[in-house]
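Along the sequence shown, residues carry numbers from 1.
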Amino acid sequence: MTIEATLQRANGALTTLSNGRHVWNSDIDKTLGSQDRAPDPHDLLDSALAACTTLTLELYIRRRQLAVTALRVTVDHVEDKAADGRVRYQLQRRIAIEGTLTDADRQRLLEIADKCPIHRLLSGEIHIQSALVATAG
C-alpha cells in the first residue's frame, strides 16, 4: 500500500494524506508556524499502535466470544536522545478492558495486544530508503 502526502502550503503546513481509498490530514503545532488543524506526525504514529491494538483485541474477543463490554487503549510517548545522539522513542500503552473476565482471560488479552502487527513492526528493525524523483513541471 502506498501513502501519498501532499503539502497544502496555503494552510500553513497542513498535509493531506491518502492511501487511495481514504483521505486524512496531519499538521504541525502553531508554535512551529502552522495552524494546528490536524494531528501531528507523532500523534499519527502513536494512534497507529492504539488503533491496531484495539482492533487486534476486538477480533480476538469476537472469535473467543468473551464477555467484554468496553475496551480502551491509550498510548503516550516519551522522546529523548541517547548519549550518541540517536533518538529514543518509548511508547507507553495502557489497555482498559471492562467485562466479566477471568485473570487468565485478561493475561491472554495482554499477550494478544503484544501480537498486533503495528506492535511487532515497531518492536522490530525498521529501515527507510529515500530517493528523489523527477516531477512533471
Side-chain donor/acceptor pairs under 3.5 Å, residues 13-20, sequence neighbours excluded:
residue: Thr15; atom: OG1; partner: Ala13; partner atom: O; Å: 3.1
residue: Thr16; atom: OG1; partner: Gln8; partner atom: NE2; Å: 3.4
residue: Thr16; atom: OG1; partner: Asn25; partner atom: OD1; Å: 3.2
residue: Ser18; atom: OG; partner: Gly20; partner atom: N; Å: 3.0
residue: Ser18; atom: OG; partner: His22; partner atom: O; Å: 3.3
residue: Asn19; atom: OD1; partner: Arg21; partner atom: N; Å: 2.9
residue: Asn19; atom: OD1; partner: His22; partner atom: N; Å: 2.7

List in chain and number order the residues that pass side-chain hydrogen bond (donor to acceptor under 3.5 Å, both in side chains) with Thr2, two or more places apart in sequence or in another chain; answer none if no residue qualifies.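 Expected list: none.
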In the hydrophobic clustering that connects Ile, Leu, Val, Met, Phe, Trp and Tyr at side-chain heavy-atom distances below 4.5 Å, which members other than [X] occupy its cluster, ordered by chain and number?
X: Leu132; answer: none
X: Leu55; answer: none
X: Val87; answer: none

Output every pair passing salt bridge (Lys or Arg N to Asp or Glu O under 4.0 Å) with a member in [range], not counting sequence neighbours, ordered by first then second residue.
range: residues 59-68; result: Glu58-Arg62
range: residues 102-111; result: Arg108-Glu111
range: residues 70-85; result: Asp76-Arg94, Asp80-Arg88, Asp84-Arg86

Which pairs would a plain distance check flag for residues 120-127, meaning a side-chain donor or acceptor within less than 3.5 Å of a matching protein atom at least two apart in sequence or in another chain?
residue: Ser123; atom: OG; partner: His119; partner atom: O; Å: 2.8
residue: Glu125; atom: OE2; partner: His127; partner atom: NE2; Å: 2.8

Qualifying residues under side-chain contact (heavy atoms from CB on, under 4.5 Å), relative to Pro41, sequence neighbours excluded: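 Here the qualifying residues are Ser26.
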Scan the side chains in residues 42-50 for donor-acceptor partners under 3.5 Å anywhere in the protein, sequence neighbours excluded, and list what turns up.
residue: His42; atom: ND1; partner: Tyr89; partner atom: OH; Å: 3.1
residue: Asp43; atom: OD2; partner: Asp40; partner atom: N; Å: 3.2
residue: Asp46; atom: OD1; partner: Tyr89; partner atom: OH; Å: 2.8
residue: Asp46; atom: OD2; partner: His77; partner atom: ND1; Å: 2.5
residue: Ser47; atom: OG; partner: Asp43; partner atom: O; Å: 3.1
residue: Ser47; atom: OG; partner: Leu44; partner atom: O; Å: 2.9

Tell me every residue that passes salt bridge (Lys or Arg N to Asp or Glu O under 4.0 Å) with Asp114, counting only those two or more places apart in sequence or in another chain.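 If we apply the salt bridge (Lys or Arg N to Asp or Glu O under 4.0 Å) test to Asp114, skipping adjacent residues, the hits are Arg93.
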